[in-house]
Amino acid sequence: MSEAISRYPSLSHWGAYTALVRDGRVIGCEPFAHDQAPSPLIHTMPDMVHSPLRIARPSVRASWLRHRGAPELRGVDGYVEVDWDTALALVHDELQRVRAQHGPTAIFGGSYGWSSAGRLHHARTLTHRFLYAGGGCVDQSGNYSWGAAQFLLPHIIGTYAPVTGRITDWNSVVGHTRLLIAFGGIPLRNTQIASGGAGDHSAPGWLARARQAGMRAVVVSPTRADAPAALAAEWIPIRPNTDAAMMLGMAHTLLAENRHDRDFLVRCCNGFEQYADYLLGRADGQPKDAAWAERICGVPADTIRALARDAAGARTLLSCSWSLQRGHRGEQPYWGSVALAALLGQIGLPGGGFAFGHGSMNGAGNPRPDLPAPEMRAGRNPAGASIPVARLTDMLLRPGEPYEFNGRTGIYPDIRLVYWAGGNPFHHHQDLNRLMRAWARPETIIVHEPWWTPTARRADIVLPATTTLERNDIGGSSRDRYL
């Protein structure tokens, strides 16, 4: 055995590193020298690359290979390894058959996940590029990360850019924000990862600078761990999914005590009178005061009132994590935070107003250069069809039925073939028992995967894929200063 160790620079969602390779095996990883706070997750890469769960060869589900049937055996049936020529011929024939018999809208181009840090070998983009080139498919609209906000905020502030990364940057926070109220907190565990990779894990450094600048931080979250030590934040525990109630209680305090910015509301907002009627209970007889909010969210009324007064007396930034809008009525806390910020009248002032996403991933809040990261483009979808990303199960179970989305009515397509590369819906989706029933509906499911994940184990044709360490690529993120 050779003792020589080769070094290969690489990039994952957890950061940049050098892979140490001896005799064709990854034996370790060294963090990128310029990374302020490298993620320990990079040290899992050798075990991932050489995992016994790696898919070694193209594999076809036994019952499907024999007679193209028994979808109910997905997840139970065994697999037969085949050579690449056989596997690719099966994929080609199925795509051609379904398109010829049912049209492009019978193919669902599933790809949800960050796939890899590579900008060229980007699974979602290349899946769609491939299927679009062949005639199109049914695509997905939106995402799980900030999907409710993406479609809600344009109706409130005209854009969803403040949730995708164009948020108040850390320089502004350090220089001007005196009170940061973080609904959902700023959990540093989330800042270990970034789409496109991270050359520098910058969040801990920014938090330390903000603390040194004298900024007070208040974290509103059910979990104490969402208040990082570097921020020395005050923690207000709250009942999960009740942030909007607390925001309403704070807004009522501002209004009742005449601490709201009436001039800003008149100049820059629409609908304040209706909102005030709701806060004061003129319509339903129930004022949305701090005592009302306490019964819902569990935060003491005195704490709610005191925080509202403090927010009115300082340059205040209201931050919401992405997690807040990933639930039933998830649009409400985002709507509520914009309304509360409007009452404070600090929207547009340096370090004030509202922000979505600090602490939700690495690089959120970094000063961003006006320079795009490298990317491959998917092109135009000739089928012109898509469904909301979270409606996968509904689509498979209810073909031909109408659904409402963002003010419009659509019709679920009749999917005969699912082509999935990048992401794992059985890890990501909501009701897995319901998804299991839906997953048995298509005639054929094709999956690309490096490992035998739950999705791969429920496919008809499985094509093995490489990891980021096994291919040449370009990595980088518009939220990061390294390529």
Whether over 12 other heavy atoms sit under 6.0 Å from N270 CG:
no

State the CG-CG distance between D473 and L469, to the nearest 0.5 angstrom.
12.0 Å

Within the 4.5 Å heavy-atom criterion, are W452 and E449 side-chain neighbours or not?
no

Are any non-hydrogen side-chain atoms of D243 and M246 less than 4.5 angstrom apart?
no

Any side-chain heavy atom of F426 within less than 4.5 Å of one from L435?
yes

Angle between ring planes, Y419 versus H448, binned at 30° and 60°: parallel, tilted or perpendicular?
tilted

Do N472 and Y8 have side-chain heavy atoms sitting under 4.5 Å apart?
no

Start with the C-alpha gap between D169 and W206, add the side-chain angles, then the distance that decides, and say whether side chain to side chain contact (heavy atoms under 4.5 Å, CB included) holds.
CA-CA 10 Å; D169 72 40; W206 285 116; over 6 Å; no

Just checking, any donor-acceptor pair under 3.5 angstrom between side chains of T455 and N424?
yes

Exercise: do D139 and Y132 side chains pair donor with acceptor under 3.5 Å:
yes

Before giving the answer on side chain to side chain contact (heavy atoms under 4.5 Å, CB included), spell out for W420 and T127 the whole-Å C-alpha distance, their side-chain angles and the decisive distance to 0.1 Å.
CA-CA 8 Å; W420 201 286; T127 299; over 6 Å; no

Is there a donor-acceptor contact under 3.5 Å linking the side chains of S386 and S141?
yes

Electrostatic pair R305:E257 at N-O distance under 4.0 angstrom:
no

Starting at CD1 of I167, measure out to CG of N366 and round the result to the nearest 0.5 Å.
9.0 Å

Under the criterion side chain to side chain contact (heavy atoms under 4.5 Å, CB included), I'd like the reasoning laid out for V218 against L179: C-alpha separation, chi angles, the key distance, then a yes or no.
CA-CA 8 Å; V218 177; L179 173 59; 4.0 Å; yes

Counting only heavy atoms from other residues, nucleotides and ligands, does the tally under 6.0 Å from NE2 of H427 exceed 12?
no

Can you tell me if R434 and T393 form a side-chain donor-acceptor pair at under 3.5 Å?
no

Electrostatic pair R479:D200 at N-O distance under 4.0 angstrom:
no

Look at atom CZ of R295 and say whether more than 12 heavy atoms of other residues, nucleotides or ligands are closer to it than 6.0 Å.
yes

Please report the interatomic distance CG(L317) to OG(S337), rounded to the nearest 0.5 Å.
10.0 Å

The single option from R259, R178, R216 that satisfies salt bridge (charged side-chain N to carboxylate O under 4.0 Å, His left out) with D310 is R216

Can you say whether the rings of H428 and Y144 are parallel (under 30°), tilted (30 to 60°) or perpendicular (over 60°)?
parallel

Within the structure provided, determine whether L207 and W170 are in side-chain contact (heavy-atom separation under 4.5 Å).
yes

Side-chain donor-acceptor pair under 3.5 Å between H201 and N362, yes or no?
no

Can you tell me if R189 has over 12 outside heavy atoms packed within less than 6.0 Å of its CZ?
yes

Can you see which heavy atom on G109 is nearest to which on L131, and at what distance?
CA-CD1, 3.5 Å

Verify the ring-centre separation between F356 and Y160: is it less than 6.0 angstrom?
no

When rounded to the nearest 0.5 angstrom, what distance separates CG in L180 from CZ in R211?
14.0 Å

Within the structure provided, determine whether L231 and M215 are in side-chain contact (heavy-atom separation under 4.5 Å).
yes

For residues H155 and N406, determine if any side-chain heavy atom of one lies less than 4.5 Å from a side-chain heavy atom of the other.
yes

Can you find a heavy atom in the side chain of L343 that is under 4.5 Å from one in the side chain of H252?
no

